[in-house]
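Remarks on the structure that follows.
From a predicted model like this one, the values you see are computed outputs, not experimental measurements. In what follows, every heavy atom counts, from backbone to side chain, and hydrogens, waters and symmetry copies are set aside. Both ligands and their constituent atoms are indexed starting at 1 by order of listing.
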Amino acid sequence: MPLSDIQDRIAKEEARAGRAPGSTKLIAVSKVQPLERVVAVLEEGHRVFGENKVQEAAGKWPDLKERFSDVELHLIGPLQSNKTRQAMRLFDVIHSLDRPKLARAIARIAKEEGHCPTLFIQVNTGEEPQKAGIMPDDLDGFVAECRDLGLPIVGLMCIPPVDEEPTLHFALLAKMAARNGLDQLSMGMSSDFERAIAQGATHVRVGSAIFGERDYG
Ligand SMILES: *Cc1c(COP(=O)(O)O)cnc(C)c1O
């Protein structure tokens, strides 16, 4: 689907939900996609992209950032502690802060580097054992801990369980963010970004609907 169709759908949903026009940021999730598809979207003028692996992003984005100015890069996948510094140099925004140890590592490296990406805390709203994210009951304490460390936390992120209605998870995330004085919400993917916008998403992460299905072959 052309990028402009996704942008139209976002604008329509913002209007329908009574949200301000342009209040939703579209993150084009370029993981695994062939380079020519990513370049095509850059050539259309889009500049906000998401990747879920540090290594993969490090392989393609330094070059693309030289060819295209003002790229804003978002890490949306789990971050291993040993890749923290590399991720903090490469990404403008990290959506997957999900444990105290990582928070402490980011705080330490931010002091050394004199720079810290903008951060979202990932919440495991479905309390799925295999999924990353802070458990809902631990969230308020973790937000306080991150603030004590001086981390630039701006919002919450979630990936709802595949077999459940996502709206309930989006609503829960919005409630937890409001309770903690956080005003940004990273939620909604190709199949449910309109429902996420209706619940207040400020960042939607859309991959296959823009680029086509990912070929992991
Ligand atoms: C891959 C991915 C997306 C995009 O998924 P699509 O269904 O292709 O839109 C969004 N968020 C995260 C965390 C992802 O890993």
Quick check: Phe120 with His74 (ring centres under 6.0 Å apart)?
no
Less than 4.0 Å between a side-chain N and a carboxylate O, is that true for [Y] and [X]?
{"X": "Glu56", "Y": "Lys53", "answer": "no"}
{"X": "Arg195", "Y": "Glu165", "answer": "yes"}
{"X": "Arg16", "Y": "Glu194", "answer": "no"}

[X] neighbourhood, listing ligand 1 atoms whose heavy-atom distance to it stays under 4.0 Å:
{"X": "Val206", "result": "9 (O)"}
{"X": "Gly207", "result": "4 (C), 6 (P), 8 (O), 9 (O)"}
{"X": "Ile159", "result": "13 (C)"}

Which option wins on minimum heavy-atom distance to atom 2 (C) of ligand 1: Arg205, Met189, Lys31?
Lys31
Within-cut-off N or O pair, Ile76 and ligand 1, under 3.5 Å:
no
Atom 9 (O) of ligand 1: closest protein heavy atom, distance to 0.1 Å, is Ser190 OG, 2.5 Å
Apply side-chain hydrogen bond (donor to acceptor under 3.5 Å, both in side chains) to Thr125 and His169, showing your working.
CA-CA 6 Å; Thr125 57; His169 294 271; 2.8 Å; yes
In this structure, does ligand 1 have an atom that sits under 4.0 Å from one of the heavy atoms of Arg214?
yes
Min side-chain heavy-atom separation Arg47-Glu72 under 4.5 Å
no
